[in-house]
Amino acid sequence: MKTFFILLPLLYLAGNVYIFIRGLQALGAAPIGIKIALSLIYWLGCLSLFGSFGIRAFACPVALARVVSLVGTGWLVFTLYMTIALVAVDLLRVFHLPCKQGFISSLILIICLLGYGYFHYKHPSTKVINRVINKQVDNGPDKLRVVAVSDVHLGYATNRKALEGYVRRINELRPDLVLIGGDLIDSNVTPLRQQRMDEELARINAPMGVYMVPGNHEYISGIEESARFIAQTPVVLLRDSVVRLPNGVQIAGRDDRSNRRRLPAERLIASTDPNRPVIVLDHQPYEPARIAEAGADLQFSGHTHHGQVWPLNWLTDRLFEVSYGEKTYGDRLAYVSSGLSLWGPPFRIGTDSEIVVFELTFKKQQGV
């Protein structure tokens with residue numbers, strides 16, 4: 001892991017040096033003043049990535065932090081795609097295929113691609129899953145509408161205005177129950193307090209409640225500080241605990257695997273009634289088969305973002321048994337969401353931002 005965190009910045013800087021050299025070549029005989037000005041702008045954008053990580057640890061004006069965060073993390077994806085495009089142009093030249101204005105053409109193409117990725121990110125999809133759970137509920141209707149989201153990453157980039165839109169979308173779906181699969185907070189509780197995001201979270205309308213589990217970013221933000229903020233909202237944080245709803249549906253919330261002393265899935269689920277529906281929330285989807293075998297009728301997870309941008313989704317598909325979507329284990333279902341918002345770069349390319357709606361139907365009560 002240490003090697004990865006050393007190698008990634010080096011690759012990032014190497015990619016930027018390559019793009020910079022190719023850009024200077026494209027400028028040709030342009031006046032030296034223009035070259036200097038564009039060079040300063042370019043390297044300011046490049047180095048803003050490191051600033052975007054540093055600024056998260058400090059209380060600073062929200063507007064400034066948001067700009068630095070969006071530009072810095074966005075530059076990371078720009079570097080990835082611009083490097084790929086320029087390598088492709090150079091390969092064409094190796095094979096003596098004409099490619100005039102390769103740098104300008106690549107730049108226009110990548111800007112258009114990033115524009116699409118930003119638009120796609122800002123317009124989450126709604127995925128509806130109809131599921132029958134062959135268990136009875138105690139009372140009330142035999143149907144339950146559950147709206148589930150994960151990886152909202154509230155902070156400087158996903159600000160209160162974005163949260164307002166998410167809450168509006170959730171409420172328009174008229175949920176009975178709302179579940180949050182972790183990483184509600186990005187990396188610092190300070191911007192949530194600065195923007196009074198607790199007030200917006202309080203506007204989620206779900207008669208049977210709002211429940212969440214911590215993700216790794218609640219731990220990055222400081223788990224105790226995160227828990228204190230969440231306690232100021234109607235959202236109930238589950239950490240290796242089970243809550244039983246009035247209709248008998250049980251929600252088992254696992255603490256994040258950042259806590260190495262968290263309960264094994266079997267011990268947590270053993271505390272539930274196997275004759276009533278069991279929904280398990282587990283942020284990181286490393287054990288879907290094990291959780292299903294332990295007795296979860298439905299597992300909801302997030303964390304992977306499905307890679308956020310191509311081709312990183314190829315990587316998550318190989319790291320996780322289920323990196324996105326649904327997988328059944330007999331009559332039990334595990335679902336891994338690609339997330340509602342994002343960590344870092346504000347783009348969705350080859351993946352979706354999403355809200356998931358589970359339309360659950362339970363076994364009818366005898367005599368009904």
Side-chain angles (χ1 to χ4, degrees), residues 125-150 170 173-182 204-213 235-236 238 240-254 263-303 320-322 324-338 340 354-368:
S125 63
T126 300
K127 185 168 185 178
V128 179
I129 298 174
N130 293 285
R131 188 72 183 170
V132 175
I133 296 178
N134 194 29
K135 293 180 180 178
Q136 292 182 358
V137 290
D138 290 337
N139 51 63
D142 59 357
K143 294 182 182 296
L144 184 71
R145 173 173 286 186
V146 181
V147 171
V149 298
S150 185
I170 290 170
L173 293 168
R174 302 179 66 83
D176 300 309
L177 173 70
V178 171
L179 301 178
I180 303 172
I204 299 176
N205 185 15
M208 300 189 77
V210 183
Y211 297 90
M212 72 166 284
V213 289
V235 180
V236 177
L238 302 177
D240 285 341
S241 55
V242 177
V243 64
R244 184 177 178 122
L245 303 180
N247 65 354
V249 173
Q250 300 157 103
I251 304 170
R254 297 195 73 191
L263 289 179
E266 295 84 354
R267 282 185 58 190
L268 178 63
I269 298 172
S271 64
T272 65
D273 180 355
N275 297 312
R276 293 294 179 264
V278 178
I279 300 173
V280 172
L281 298 179
D282 189 4
H283 177 64
Q284 301 189 46
Y286 282 98
E287 304 175 314
R290 182 178 174 182
I291 289 172
E293 185 179 353
D297 298 296
L298 170 65
Q299 175 192 343
F300 180 73
S301 299
H303 181 64
F320 297 91
E321 179 182 344
V322 186
Y324 171 66
E326 54 189 290
K327 184 171 183 177
T328 55
Y329 301 87
D331 59 353
R332 292 164 178 165
L333 173 69
Y335 188 90
V336 178
S337 174
S338 54
L340 178 53
E354 67 173 14
I355 298 174
V356 185
V357 181
F358 293 103
E359 298 282 8
L360 302 181
T361 302
F362 305 106
K363 183 178 177 181
K364 289 186 179 295
Q365 301 176 46
Q366 296 180 359
V368 177

Checking Arg290 now: which residues fulfil side-chain contact (heavy atoms from CB on, under 4.5 Å) with it, not counting sequence neighbours?
Pro264, Glu266, Glu287
Using side-chain heavy atoms (C-beta onward) and a distance below 4.5 Å, is Val357 in contact with Val146?
no
Taking the side chain as every heavy atom from C-beta outward, state whether Met212 and Val178 have any pair of such atoms under 4.5 Å apart.
no
Please give me the minimum heavy-atom distance between Val242 and Ala252, naming the atom from each residue.
CG2-CB, 3.9 Å
Val213 and Leu281: which non-hydrogen atoms are nearest, and at how many Å?
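Closest pair (atom of Val213, atom of Leu281, distance): CG1-CB, 3.6 Å.
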Spacing of [atom1] belonging to [X] relative to [atom2] belonging to [Y], to within rounding of 0.5 Å:
X      : Y      : atom1 : atom2 : value
Asp331 : Asp297 : CG    : CG    : 7.0 Å
Leu268 : Leu238 : CG    : CG    : 9.0 Å
Phe362 : Leu144 : CZ    : CG    : 5.0 Å
Ile170 : Ile204 : CD1   : CD1   : 5.0 Å
Asn130 : Phe358 : CG    : CZ    : 11.0 Å

Please name all residues satisfying salt bridge (charged side-chain N to carboxylate O under 4.0 Å, His left out) with Lys327, sequence neighbours left out, ordered by chain then number.
Glu321
Can you name the residues that form a salt bridge (charged side-chain N to carboxylate O under 4.0 Å, His left out) with Arg276, not counting sequence neighbours?
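Checked Arg276 against salt bridge (charged side-chain N to carboxylate O under 4.0 Å, His left out); matches are Asp138.
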Decide yes or no on side-chain hydrogen bond (donor to acceptor under 3.5 Å, both in side chains) for Glu326 and Thr328, but give the supporting numbers first.
CA-CA 7 Å; Glu326 54 189 290; Thr328 55; over 6 Å; no
Are Ser337 and Glu354 close enough, and set up right, to give a side-chain hydrogen bond (donor to acceptor under 3.5 Å, both in side chains), and what steps lead you there?
CA-CA 7 Å; Ser337 174; Glu354 67 173 14; 3.0 Å; yes
For Arg267, I'd like to know if atom CZ has over 12 heavy atoms of other residues, nucleotides or ligands within 6.0 Å.
no
